[in-house]
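Everything numeric in this text was worked out from a predicted model, so none of it was measured. Worth knowing before you read on, the calculation uses all heavy atoms, side chains too, and leaves out hydrogens, waters and symmetry mates. Chain A is the first sequence line, chain B the second, and so forth, proteins listed ahead of strands; every chain is numbered from 1.
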Amino acid sequence: MAYWLMKSEPDELSIKGLEKLGSARWDGVRNYQARNFLRAMAVGDEFFFYHSSCPEPGIAGIGRISLAAYPDPTALEPQSHYFDPKATPEKNPWSAIDVAHVETFARVLKLDYLKQQTALAEMPLVQKGSRLSVMPVTAEQWAAVLGLR
DNA sequence: GCCAACGTTGGC
DNA sequence: GCCAACGTTGGC
């Protein structure tokens with residue numbers, strides 16, 4: 001089993017939103033590196049749910065991959081914010097996955113706090129200028145974050 | 001709202 | 001294939 005971290009704007013989907021829904025489609029990824037990580041995910045893999053572009057950026061909980069990568073339907077929907085005019089049903093470059101709620105942390109592990117953890121120094125998340133929205137997490141990093149809850 | 005950092009696009 | 005211009009991300 002592998003570990004990941006995925007960013008979401010809580011206005012779109014928050015950890016509490018996912019908790020309420022139980023499961024959701026994770027779509028709209030429009031970056032090739034992030035997409036390739038989506039495609040590397042397997043059912044059962046777990047990920048840290050990160051809140052970005054919000055008053056309190058940080059890790060807010062845990063989710064699990066419930067369905068492996070499939071073509072992202074939002075790329076084909078003209079009314080979608082994520083519409084890609086170059087995508088066709090036959091050739092859709094973008095991928096989505098389905099995720100399930102696992103845990104909502106009692107408090108958000110804030111970005112500035114995560115940055116203080118030497119065990120997390122290698123994570124793209126805490127590195128200056130990194131905008132990657134989907135990234136792998138090592139078993140050591142996973143355990144370190146769990147210890148901060 | 002600002003702006004640093006990065007990815008993508010498109011002219012050449 | 002280079003690289004300038006542009007768009008986006010995302011913290012602050």
Side-chain angles (χ1 to χ4, degrees), chain A residues 2-21 23-41 45-65 68-138 140-142 144-149:
Chain A
Y3 299 109
W4 309 92
L5 182 146
M6 299 204 287
K7 296 179 183 175
S8 176
E9 298 189 13
D11 286 348
E12 271 203 54
L13 180 66
S14 67
I15 187 68
K16 282 184 177 159
L18 180 59
E19 182 171 13
K20 196 170 268 183
L21 291 169
S23 65
R25 186 176 71 203
W26 200 284
D27 54 30
V29 171
R30 293 293 178 269
N31 168 282
Y32 285 105
Q33 200 181 352
R35 181 210 65 183
N36 291 343
F37 286 133
L38 281 187
R39 291 181 176 179
M41 292 176 178
D45 284 1
E46 292 190 318
F47 65 97
F48 287 130
F49 194 119
Y50 180 88
H51 285 173
S52 68
S53 296
C54 60
E56 201 174 51
I59 296 175
I62 297 173
R64 179 185 292 116
I65 314 305
Y70 56 90
D72 182 350
T74 64
L76 305 173
E77 297 166 358
Q79 72 280 12
S80 170
H81 175 62
Y82 300 115
F83 177 64
D84 179 357
K86 284 182 282 190
T88 66
E90 295 75 28
K91 224 176 174 190
N92 183 346
W94 303 115
S95 297
I97 56 169
D98 287 359
V99 302
H101 179 267
V102 173
E103 179 179 341
T104 300
F105 291 169
R107 61 189 179 94
V108 173
L109 303 176
K110 290 197 270 182
L111 179 61
D112 57 359
Y113 181 54
L114 299 173
K115 282 181 174 170
Q116 295 168 19
Q117 311 301 321
T118 44
L120 305 179
E122 300 302 315
M123 287 192 68
L125 180 72
V126 301
Q127 282 160 21
K128 190 182 172 182
S130 171
R131 303 185 321 192
L132 195 58
S133 61
V134 181
M135 68 191 76
V137 172
T138 68
E140 292 76 16
Q141 291 162 349
W142 185 266
V145 172
L146 291 186
L148 300 173
R149 281 177 300 177

Spacing between [X] atom [atom1] and [N] atom [atom2], to the nearest angstrom:
X	N	atom1	atom2	result
A:Gln127	C:dG10	CD	P	15 Å
A:Ile59	C:dG11	CD1	P	12 Å
A:Tyr82	C:dG7	OH	C1'	16 Å
A:Leu132	C:dG11	CG	P	13 Å
A:Lys110	C:dG10	NZ	C1'	17 Å

Nearest-nucleotide pick for [X], side chain only, options being [options]:
X	options	value
A:Lys86	B:dG7, B:dT9, C:dG10	B:dT9
A:Lys128	C:dG11, B:dG7, B:dA5	B:dA5
A:Lys115	C:dG10, B:dG7, C:dC12	C:dC12
A:Gln33	C:dG11, B:dT9, B:dG7	B:dG7
A:Pro57	B:dT8, C:dG11, C:dT9	C:dG11
A:Arg131	C:dG10, B:dA5, B:dT8	B:dA5

| task | Hey, could you give me the CG/CE distance between A:Leu120 and A:Met123, rounded to the nearest 0.5 Å? | result | 6.5 Å
| request: Could you grab the distance from atom NZ of A:Lys115 to atom NZ of A:Lys128, nearest 0.5 Å is fine? | output: 10.0 Å
| Within a strict 4.5 Å, meaning less than it, do heavy atoms of the A:Ser52 and A:Pro57 side chains meet? | no
| query | Does C:dG10 have OP1 or OP2 sitting under 4.0 Å from an N or O in the side chain of A:Lys7? | reply | yes
| task | Ignoring backbone atoms, test whether A:Tyr50 places a side-chain nitrogen or oxygen under 4.0 Å from the OP1 or OP2 oxygen of C:dG11. | result | yes
| For residues A:Thr104 and A:Glu19, is any side-chain donor paired with an opposing acceptor at under 3.5 Å? | yes
